[in-house]
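Just so you know, these numbers come straight off a predicted model, no measurement behind them. Heads up: numbering here begins at 1 and tracks the sequence. The figures here come from the full heavy-atom set of this structure, side chains too, leaving out hydrogens, waters and symmetry mates.
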Amino acid sequence: MEGASDLLVSPAAIALAAAWGAIWGSFFNVCIARIPLGQSVVRPASRCMACGKAVRAADNIPIVSYVWLRGRCRSCGARFSPRYALVEALMAALSALLYWKFVASDLDAAAAVRLARFALYFAFTGALVVLSFIDLDTQLLPDVITLPAIPIFFLAAAGAHETSWAERAIGLAAGYLFVRLVADAYYYILKREGMGLGDGKLLAMMGAALGWKALPFIIFAGSFLGAAISIPLLLWARRHPRKAPAPAPEGEAPEGEEADTSLGRVQVPFGPFLSLGAVLYLFVGQAALAALGGGAE
């Protein structure tokens with residue numbers, strides 16, 4: 001047993017976790033591209049969107065193939081989005097960090113519990129990555145991901161032995177109700193939609209996995225990061241307005257006129273910032289709460 005324990009904390013195990021993350025990152029790219037279109041994520045196999053030819057197995061190695069082919073299709077030379085390599089590299093890094101924190105450096109818990117925590121939080125962060133990139137593309141958080149994820153993570157979190165059933169149940173309900181109340185208040189006061197209810201389902205998913213104590217940290221961190229990143233970008237957009245395309249669809253600026261770039265009218269997806277807050281909570285949240293007097297004794 002001691003040899004198996006040593007293997008779990010070895011650099012080779014962390015490297016294997018990174019490779020595991022990159023492989024799943026390749027699949028997550030398929031989910032990001034196909035789920036908003038209502039397409040299957042299983043069939044057909046990966047193929048070039050320009051020429052339609054299937055991607056060969058040798059050209060489908062995460063990160064390596066993108067660099068080797070310089071981000072182009074071998075058959076037609078069409079350029080692939082850098083997002084493919086970005087998601088694979090991001091999942092490789094997250095997987096390695098999660099393994100280091102919950103398996104390699106947490107020697108107090110039993111090996112089975114540590115591996116259960118890694119599996120739970122890897123799946124959780126993978127769902128957050130998929131939802132974040134879809135939200136950035138479409139400003140939507142698909143119910144086909146969030147709704148089944150809520151009960152799945154609620155049940156799976158029992159194996160992590162970090163939160164009770166009651167904490168997760170309260171987190172599930174509180175996450176959705178918080179966004180629902182904010183969204184309703186925004187609509188009744190300003191007579192237009194602000195936060196979408198998709199954010200509520202996302203926050204419910206986070207509460208179901210992490211418990212209600214995680215929600216204040218996630219909301220604060222997500223709001224702070226959202227403001228710190230979005231406001232400079234929106235100010236830059238106001239200084240460099242883009243012309244509306246022609247012909248302009250109904251309700252948009254006419255051809256040749258600048259679209260409304262006032263800060264109150266520009267919609268910024270909040271899901272990616274909530275997701276970033278949740279990832280930060282996994283790594284530093286409990287320590288931060290303990291430092292503020294809100295953690296466990």
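Residue Arg114 holds its CZ atom at 9.0 Å from OG of Ser105, rounded to the nearest 0.5 Å. Atom CZ of Arg168 sits about 4.5 Å away from atom OG1 of Thr163, to the nearest 0.5 Å. The CG atom of Leu203 lies 11.0 Å from the CG atom of Leu141; values are rounded to the nearest 0.5 Å.
In this structure, the side chains of Phe154 and Ile150 stay at 4.5 Å or more apart for every pair of heavy atoms. Counting only heavy atoms from C-beta outward, the side chains of Asp135 and Leu202 never approach each other to under 4.5 Å. With a 4.5 Å cut-off on side-chain heavy atoms, Met206 and Leu128 count as touching. For the pair Ile219/Phe178, a side-chain contact is recorded, criterion being any heavy-atom separation below 4.5 Å from C-beta on. Here the side chains of Leu16 and Trp20 are not in contact, with every heavy-atom distance at 4.5 Å or above. Within the 4.5 Å cutoff, side-chain heavy atoms of Trp165 are placed close to those of Leu155. For the pair Gln286 and Tyr281, the minimum side-chain heavy-atom distance is below 4.5 Å. Taking 4.5 Å as the limit, every side-chain heavy atom of Leu172 sits out of range of all side-chain heavy atoms of Phe153.
Through side-chain heavy atoms spaced under 4.5 Å, either directly or across other Ile, Leu, Val, Met, Phe, Trp or Tyr residues, Trp68 is tied to Leu69. In the hydrophobic clustering, where aliphatic and aromatic side chains (Ile, Leu, Val, Met, Phe, Trp, Tyr) are joined below 4.5 Å either directly or transitively, Leu37 stands alone. Counting side-chain heavy-atom gaps under 4.5 Å among Ile, Leu, Val, Met, Phe, Trp and Tyr, the cluster of Val64 also holds Ile61. Leu181 belongs to no multi-residue hydrophobic cluster, having no ILVMFWY side-chain contact under 4.5 Å with any other such residue.
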For residues 86-102, which side-chain N or O atoms pair as donor and acceptor with protein atoms under 3.5 Å away, sequence neighbours left out?
residue: Glu88; atom: OE1; partner: Ile63; partner atom: N; Å: 2.7
residue: Ser95; atom: OG; partner: Ala17; partner atom: O; Å: 2.6
residue: Tyr99; atom: OH; partner: Leu8; partner atom: O; Å: 2.6

For residues 269-276, tabulate all N or O donor-acceptor pairs below 3.5 Å that involve a side-chain atom, not counting sequence neighbours.
residue: Ser275; atom: OG; partner: Ser132; partner atom: OG; Å: 3.1
residue: Ser275; atom: OG; partner: Gly271; partner atom: O; Å: 3.0

Could you pull out all donor-acceptor pairs under 3.5 Å where a side-chain atom in residues 116-127 meets a protein atom, sequence neighbours excluded?
residue: Arg117; atom: NE; partner: Ala160; partner atom: O; Å: 2.7
residue: Arg117; atom: NH1; partner: Asp106; partner atom: OD2; Å: 2.9
residue: Arg117; atom: NH2; partner: Ala160; partner atom: O; Å: 3.2
residue: Tyr121; atom: OH; partner: Glu162; partner atom: OE1; Å: 2.4
residue: Thr125; atom: OG1; partner: Tyr121; partner atom: O; Å: 2.9
residue: Thr125; atom: OG1; partner: Phe122; partner atom: O; Å: 3.0

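Of all non-hydrogen atoms in Arg79 and Arg70, the two that sit nearest each other are NH1-O, 4.1 Å. A pairwise comparison of heavy atoms in Ala209 and Ala157 identifies O-CB, 3.6 Å as the closest pair. The two residues Ser10 and Leu7 have their closest heavy-atom pair at OG-O, 2.8 Å. Closest heavy-atom contact between Asn60 and Ser26: OD1-OG, 4.1 Å. Of all heavy-atom pairs spanning Leu215 and Gly175, the tightest one is CD1-N, 3.7 Å.
Judged by distance alone, with hydrogens and angles left aside, the side-chain atoms of Arg180 form no donor-acceptor pair with the main-chain N or O of Gly200 at under 3.5 Å. In this structure, the side chain of Asn29 engages the main chain of Tyr84 through a donor-acceptor pair within 3.5 Å.
For the side chain to side chain contact (heavy atoms under 4.5 Å, CB included) test, residues two or more places apart in sequence or in another chain that qualify with Pro36 are Ile134, Thr138. Applying the salt bridge (charged side-chain N to carboxylate O under 4.0 Å, His left out) criterion to Arg72, with sequence neighbours excluded, gives no partner residue. Partners of Phe27 according to the ring-ring contact (aromatic ring centres under 6.0 Å, His included) rule, which considers only residues two or more places apart in sequence or in another chain, are Trp24.
Each of Leu140, Leu131, Val41 was scored for a side chain to side chain contact (heavy atoms under 4.5 Å, CB included) with Ile35, with one residue passing: Val41.
Both Val30 and Val129 sit in one connected hydrophobic cluster of ILVMFWY residues. Membership requires side-chain heavy atoms under 4.5 Å apart, directly or through other members. Put simply, Ile32 and Val144 are part of the same group of oily side chains (I, L, V, M, F, W, Y) that touch within less than 4.5 Å, one to the next. Hydrophobic clustering (ILVMFWY, side-chain heavy atoms < 4.5 Å, transitive): Ile14 and Ile23 are in distinct clusters. The hydrophobic clustering, which links ILVMFWY residues whose side-chain heavy atoms are closer than 4.5 Å, places Val42 and Val55 apart. Note on Leu177 and Phe220: separate hydrophobic clusters, where clusters join Ile, Leu, Val, Met, Phe, Trp and Tyr whose side-chain heavy atoms are under 4.5 Å apart, directly or indirectly.
Screening residues 34-47 for salt bridge (charged side-chain N to carboxylate O under 4.0 Å, His left out) gives no qualifying pairs among residues at least two apart or on separate chains. Residues in residues 273-284 take part in no salt bridge (charged side-chain N to carboxylate O under 4.0 Å, His left out) pair, two or more places apart or across chains.
In summary, Asp59 and Lys53 do not engage in a salt bridge, as defined by a charged side-chain N under 4.0 Å from a carboxylate O.
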